[in-house]
Amino acid sequence: MRGYLPISIEQLSTFMNSGEISVDRVFAPTIKFLTSQRDLGQEEIEYELSLLAAGVSLSQRAQGKSQALILALELDKNQIGADGQESVEITSILRWNQVQCAFLCNALDDELVWFATEEIADQLPTWSL
């Protein structure tokens, strides 16, 4: 299952350096979410979930100065606990090798800029400006 994690620049840097992160929840295609979004295809569902994560990331960034980021992760079924409306509880540490990509969020519209996992380290200094 794909999950979307709103993450700060500081958390991302720590995650990259340590190779692991502990979080409570990530946005994911729960049964409740899928039931409420029956008209959407798989890509549209993924996009909607990433926008929900983007909203959280935008609201949590440091006084609007830092970039808002999301990580897309491939979750192992053993890491998933209770379902919420549009998120799942994470019951164990997430590892860097689960990261599939990063998205840079734009506060002015619903545009998400995609970055491959191998680009994240090179982009991090520019995101910190």
Is there a side-chain contact between [X] and [Y] (heavy atoms, below 4.5 Å)?
X	Y	result
Leu49	Pro29	yes
Leu104	Phe115	yes
Phe27	Pro6	yes
Met1	Lys77	no
Tyr4	Leu51	no
Glu48	Leu40	yes

Take Val23 and Leu94 through the side-chain contact (heavy atoms from CB on, under 4.5 Å) test and state the conclusion after the steps.
CA-CA 8 Å; Val23 300; Leu94 297 172; 3.6 Å; yes

Are [X] and [Y] joined in one hydrophobic group, where the rule is that I, L, V, M, F, W and Y side chains link up if heavy atoms are under 4.5 Å apart?
X	Y	value
Phe103	Tyr47	yes
Leu52	Ile70	yes
Ile80	Ile21	yes

Under 3.5 Å: donor-acceptor pair, side chain of [X], backbone of [Y]:
X	Y	result
Thr117	Val99	yes
Glu119	Ala116	yes
Thr91	Gln79	yes
Ser13	Glu10	no
Gln67	Trp127	no

Quick one: pull up [atom1] in [X] and [atom2] in [Y] and give me the separation to the nearest 0.5 Å.
X	Y	atom1	atom2	answer
Arg2	Leu75	CZ	CG	9.5 Å
Leu34	Glu86	CG	CD	11.5 Å
Gln98	Glu74	CD	CD	8.5 Å
Asp76	Ser92	CG	OG	7.5 Å
Leu124	Met16	CG	CE	5.5 Å
Leu5	Ser50	CG	OG	13.0 Å

If every non-hydrogen atom of [X] is compared with every non-hydrogen atom of [Y], which pair is closest and at what distance?
X	Y	value
Asp83	Arg25	C-NH2, 3.8 Å
Gly84	Lys32	O-CD, 3.8 Å
Gly3	Val26	CA-CG2, 4.1 Å
Ala102	Leu71	CB-CD2, 3.8 Å
Arg38	Thr35	CG-O, 3.2 Å
Ala28	Val88	CB-CG2, 3.9 Å

Parallel under 30°, tilted from 30 to 60°, perpendicular over 60°: which one fits the rings of Phe15 and Trp96?
perpendicular

Would you say that more than 12 heavy atoms from the other residues, nucleotides or ligands in this model lie under 6.0 Å from the CG of Asn17, or not?
yes

Counting only heavy atoms not in Glu43, do more than 12 sit closer than 6.0 Å to its CD atom?
no

Scan Leu112, Ile120, Ile9, Leu58 and name whichever one has a side-chain contact (heavy atoms from CB on, under 4.5 Å) with Leu69.
Ile9

In terms of side-chain heavy atoms, does Glu44 have a donor or acceptor partner in Gln37 at a distance below 3.5 Å?
no

State, without any angle test, whether Thr14 and Gln11 hold a side-chain donor-acceptor pair at a distance under 3.5 Å.
no

